[in-house]
Colleague: 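Dropping the structure in here first, questions after.
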Number of protein chains: 2
Amino acid sequence: MSKYDCLKLENQLCFPLYACAKAVTRHYKPLLDEFDLTYTQYITMMVMWERKSASVKEIGECLYLDSGTLTPLINKLESKGYIEKHRSDDDARGVVVSITEAGKKLRDKMVKVPNAMGGCVALSEKEAEELYNLLYKILKHFDDIDS
Amino acid sequence: MSKYDCLKLENQLCFPLYACAKAVTRHYKPLLDEFDLTYTQYITMMVMWERKSASVKEIGECLYLDSGTLTPLINKLESKGYIEKHRSDDDARGVVVSITEAGKKLRDKMVKVPNAMGGCVALSEKEAEELYNLLYKILKHFDDIDS
DNA sequence: ACAAAATAGATTGCATACAATTTAATTGTA
DNA sequence: TACAATTAAATTGTATGCAATCTATTTTGT
């Protein structure tokens with residue numbers, strides 16, 4: 001009705017997105033606390049589990065994070081013993097991050113986490129897939145715009 | 001195939017949610033910079049525009065934020081002149097935040113923001129509504145769990 | 001070859017988030 | 001009515017995010 005309706009919180013798409021993302025990471029916390037990992041550290045480990053080895057830049061591309069966030073985060077994961085850093089042989093500017101044995105073992109311990117979290121999100125298989133597709137549609141479009 | 005598949009980034013629902021929320025707030029930034037507001041300050045102003053007056057606690061309930069986040073944020077909005085704080089008459093523990101004339105004027109200037117942002121999100125009306133409903137379904141469920 | 005442009009990480013600074021603690025005020029109850 | 005329990009904000013401490021800048025290297029264009 002009012003010209004101000006577009007500025008109502010309930011008419012925003014961005015707000016439930018923002019609030020929901022925070023709620024999910026907040027509910028991950030008790031699960032991840034057992035492993036002394038934060039959510040961001042957890043998804044960084046996911047990249048390492050899949051790739052075994054990756055540059056900071058590559059990790060950043062996977063996670064949409066820059067070195068300002070990743071550098072301290074990677075240092076923490078290194079001090080926990082899950083990853084190692086060394087300068088790249090090919091390109092002395094680059095840093096190669098690789099997974100350690102302890103990091104590989106962590107994977108076995110954490111296999112139960114996704115399922116435990118899945119129980120918190122009250123969506124059907126179909127709904128979850130719809131949501132997944134809609135979110136990636138937005139992400140892809142941003143990728144296109146930004147490139 | 002592997003028992004580790006559940007730990008793959010591409011099989012997570014949480015990750016696109018997390019990444020998408022960040023991407024959206026990141027793309028809000030240039031729009032909000034013109035008004036010298038951050039995204040969180042912007043949605044706080046949305047609450048104030050609607051309610052004219054609210055306690056820190058009430059704002060926190062609207063936005064899913066606690067006093068640790070809101071206290072400094074509200075102080076910044078106050079120093080910008082958009083809101084005012086005063087202790088509640090009813091309950092001296094509470095702080096009532098109310099909108100100023102400058103805050104009301106800001107609303108007129110910012111009416112164009114939601115539309116400008118909408119252009120960035122490549123979803124149809126129907127898709128946006130679906131996404132909206134799915135996100136609120138998750139949020140509502142968390143509300144139920146947490147209460 | 002070599003100076004300029006580009007790139008990879010690290011660093012700095014600012015603004016969230018949020019748990020945990022503290023302080024002041026209010027409520028519930030024996 | 002004392003007084004323990006609760007509540008509202010503020011404070012403290014840790015961990016992101018991200019823009020902007022800096023440093024060391026590598027590429028590029030001539």
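Numbers restart at 1 for each chain; the letters A, B, ... are given by sequence-line order, proteins then strands.
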Colleague: Heavy atoms under 4.0 Å, any strand shown: does Gly94(A) hit a base, just sugar-phosphate, or nothing?
Modeller: sugar-phosphate

Colleague: Would you kindly give the CZ-to-C1' distance between Arg87(A) and dT7(C), to the nearest whole Å?
Modeller: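 Atom CZ in Arg87(A) sits about 13 Å away from atom C1' in dT7(C).
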
Colleague: Does OP1 or OP2 of dA19(D) have a side-chain N or O of Lys29(B) closer than 4.0 Å?
Modeller: no

Colleague: Roughly how many Å is it from CD1 in Ile74(B) to C1' in dA15(C), rounded to a whole number?
Modeller: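 Taking CD1 of Ile74(B) and C1' of dA15(C), I get 15 Å after rounding.
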
Colleague: How are the rings of Tyr39(B) and Tyr18(A) set relative to one another: parallel (under 30°), tilted (30 to 60°) or perpendicular (over 60°)?
Modeller: perpendicular

Colleague: Looking at Tyr18(A), does any N or O in its side chain come under 4.0 Å of the phosphate oxygens OP1/OP2 on dA17(C)?
Modeller: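 Yes.
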
Colleague: OP1 or OP2 of dC18(D) versus the side-chain N and O atoms of Arg26(B): is any pair under 4.0 Å?
Modeller: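 So the side-chain polar atoms of Arg26(B) do come within 4.0 Å of the phosphate oxygens OP1 or OP2 of dC18(D), strictly under.
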
Colleague: Under 4.0 Å between any heavy atoms, over every strand shown, what does Ser55(B) touch: base, sugar-phosphate, or nothing? Just pick one.
Modeller: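 Sugar-phosphate: the residue Ser55(B), judged by heavy atoms under 4.0 Å, touches backbone atoms but no base.
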
Colleague: When we call it a touch if two heavy atoms are under 4.0 Å apart, what does Thr38(B) touch: a base, just sugar-phosphate, or nothing?
Modeller: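 Here Thr38(B) touches the backbone only, sparing every base.
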
Colleague: Quick check for you: among dA15(C), dG9(C), dT26(C), whose closest atom lies nearest to any side-chain atom of Lys57(A)?
Modeller: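 Nearest listed nucleotide: dG9(C).
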
Colleague: Are Lys104(B) and Glu101(B) ion-paired here, with the side-chain N under 4.0 Å from a carboxylate O?
Modeller: yes

Colleague: Can you measure Tyr28(A) atom OH to dA15(D) atom P for me and round it to whole angstrom units?
Modeller: 20 Å

Colleague: Tell me: CG of Leu70(B) to P of dA8(D), nearest whole Å?
Modeller: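 Going from Leu70(B) (CG) to dA8(D) (P), I get 14 Å.
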
Colleague: So, OP1 or OP2 of dG9(C): does either fall under 4.0 Å of a side-chain N or O from Ser67(A)?
Modeller: no

Colleague: Can you label the angle between the Phe142(B) ring and the His27(A) ring as parallel, tilted or perpendicular, going by 30° and 60°?
Modeller: parallel

Colleague: Paired with dA30(C): which nucleotide, if any, by Watson-Crick or G-U wobble criteria at under 3.5 Å for both distances?
Modeller: dT1(D)

Colleague: Hey, which sits more toward the 5' end of DNA chain C by its nearest nucleotide, Thr25(A) or Thr69(A)?
Modeller: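 The residue whose closest nucleotide sits nearer the 5' end is Thr69(A).
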
Colleague: Nearest-Å distance, CD1 (Ile43(A)) to C1' (dG17(D))?
Modeller: 12 Å

Colleague: Which of these nucleotides, dA10(C), dT25(D), dA9(D), is closest to any side-chain atom of Lys85(A)?
Modeller: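 My answer, after comparing the listed nucleotides, is dA10(C).
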
Colleague: Mind calculating the distance between CG (Leu63(B)) and C1' (dA15(C)) to the nearest angstrom?
Modeller: 16 Å

Colleague: Between Ala92(A) and Pro72(B), which has a closest nucleotide on DNA chain D that is more 5'?
Modeller: Pro72(B)

Colleague: Classify the nucleic acid contact of Leu73(A) as base, sugar-phosphate or nothing, counting any heavy atom under 4.0 Å across all strands shown.
Modeller: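 Counting heavy atoms under 4.0 Å across all strands, the contact made by Leu73(A) is with sugar-phosphate only.
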
Colleague: What nucleotide, of dA19(D), dT16(C), dA10(D), holds the atom closest to the side chain of Gln41(B)?
Modeller: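 It is dT16(C).
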
Colleague: Hey, does the side-chain of Arg93(B) have a donor or acceptor N/O within less than 3.5 Å of a partner on the base of dT26(C)?
Modeller: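 Between dT26(C) and Arg93(B), which were checked side chain against base, a qualifying N/O pair under 3.5 Å is absent.
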
Colleague: Nearest whole Å is fine: how far is dT7(C) P from Glu61(A) CD?
Modeller: 12 Å

Colleague: Which one, dT16(D), dA9(D), dA10(C), comes nearest to the side chain of Lys76(A)?
Modeller: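 Closest of the options to the side chain of Lys76(A): dT16(D).
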
Colleague: Give the intermediate values and the outcome of side-chain contact (heavy atoms from CB on, under 4.5 Å) for residues Leu63(A) and Thr40(A).
Modeller: CA-CA 9 Å; Leu63(A) 301 178; Thr40(A) 318; 5.7 Å; no

Colleague: I'd like to know if Lys57(A) pairs up with Glu61(A) as an ion pair, taking the criterion as any Lys NZ or Arg NE/NH1/NH2 lying under 4.0 Å from an Asp or Glu carboxylate oxygen.
Modeller: yes

Colleague: Taking only N and O in the side chain of Thr40(A), is any of them less than 4.0 Å away from OP1 or OP2 of dT16(D)?
Modeller: yes

Colleague: Would you mind classifying the nucleic acid contact of Asp66(B) as base, sugar-phosphate or nothing, using non-hydrogen atoms under 4.0 angstrom?
Modeller: base

Colleague: Hey, quick one: are Val56(B) and Val96(B) part of the same hydrophobic cluster, counting side-chain heavy atoms closer than 4.5 Å, chains of contacts allowed?
Modeller: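 Unlinked, Val56(B) and Val96(B) end up in two clusters.
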
Colleague: Is any side-chain heavy atom of Tyr64(B) less than 4.5 Å from a side-chain heavy atom of Asp143(B)?
Modeller: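 Tyr64(B) vs Asp143(B): side chains touch.
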
Colleague: Between Lys22(B) and dT16(D), is there a contact of a side-chain N or O with OP1 or OP2 at under 4.0 Å?
Modeller: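 Lys22(B) to dT16(D) OP1/OP2: no side-chain N or O under 4.0 Å.
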
Colleague: Which whole-number value in Å describes the distance from Asn75(A) CG to dT16(D) C1'?
Modeller: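 Those two atoms, CG and C1', are 14 Å apart.
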
